[in-house]
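FYI, the numbering just counts along the sequence from 1.
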Amino acid sequence: MRCNGGAGSQGPASDSPLSLLCHHVDEALEGVGHLGNLPERLIGWPGMVSYPFRRFLNRLCSHQDMRIYLEVGSFVGASLVAAAWGNRH
């Protein structure tokens, strides 16, 4: 499901926080098929999360307004590392 018309959407329909978040989720989902900025060594990192989902988390957490990432429970930290990799804020 796409929030704002899917691929080719020009931006959020409104400036509401939910609309802006939804737009960023759409952008993160569009980049899942690309290599992104995760290094090759994260492909083989053990864990119970798929590599496409790791790329999604990384792109989602790269947004400048993303300040909090909460993970309840961690096996070996694959999703936590993917979310944090290269994201300075």
Side-chain angles (χ1 to χ4, degrees):
M1 181 178 106
R2 300 291 179 157
C3 299
N4 298 311
S9 176
Q10 296 299 313
S14 73
D15 289 335
S16 73
L18 182 56
S19 179
L20 294 172
L21 175 64
C22 197
H23 178 69
H24 187 62
V25 168
D26 281 347
E27 288 178 339
L29 284 171
E30 288 174 8
V32 168
H34 307 291
L35 292 177
N37 67 343
L38 294 178
E40 290 285 327
R41 64 182 173 211
L42 285 184
I43 294 173
W45 190 292
M48 300 183 70
V49 60
S50 70
Y51 192 66
F53 191 71
R54 294 174 199 202
R55 286 192 305 259
F56 168 71
L57 281 176
N58 183 262
R59 288 179 56 85
L60 186 65
C61 292
S62 71
H63 193 270
Q64 64 185 3
D65 292 333
M66 179 62 80
R67 302 281 188 248
I68 299 171
Y69 172 80
L70 173 67
E71 181 168 319
V72 179
S74 182
F75 176 52
V76 291
S79 57
L80 177 62
V81 169
W85 191 269
N87 295 324
R88 301 183 74 149
H89 47 271

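Here the closest non-hydrogen pair linking W85 and P39 is NE1-CD, 3.2 Å. Across all non-hydrogen atoms, the minimal contact from N87 to N58 is ND2-O, 3.3 Å. Closest non-hydrogen pair, W45 versus V76, comes out as NE1-O, 3.6 Å.
Hydrophobic clustering places M48 together with L38 (ILVMFWY residues linked when any side-chain heavy atoms are closer than 4.5 Å, directly or through intermediates).
A search for side chain to side chain contact (heavy atoms under 4.5 Å, CB included) contacts involving V49 returns F53, R54, A78, S79, not counting sequence neighbours. Not counting sequence neighbours, the partners of L80 by the side chain to side chain contact (heavy atoms under 4.5 Å, CB included) test are Y69, E71.
Atom-to-atom distance recorded for L42:CG and E40:CD is 9.5 Å, nearest 0.5 angstrom.
Under a 3.5 Å cut-off, the side chain of H24 and the backbone N or O of C61 do not form any donor-acceptor pair.
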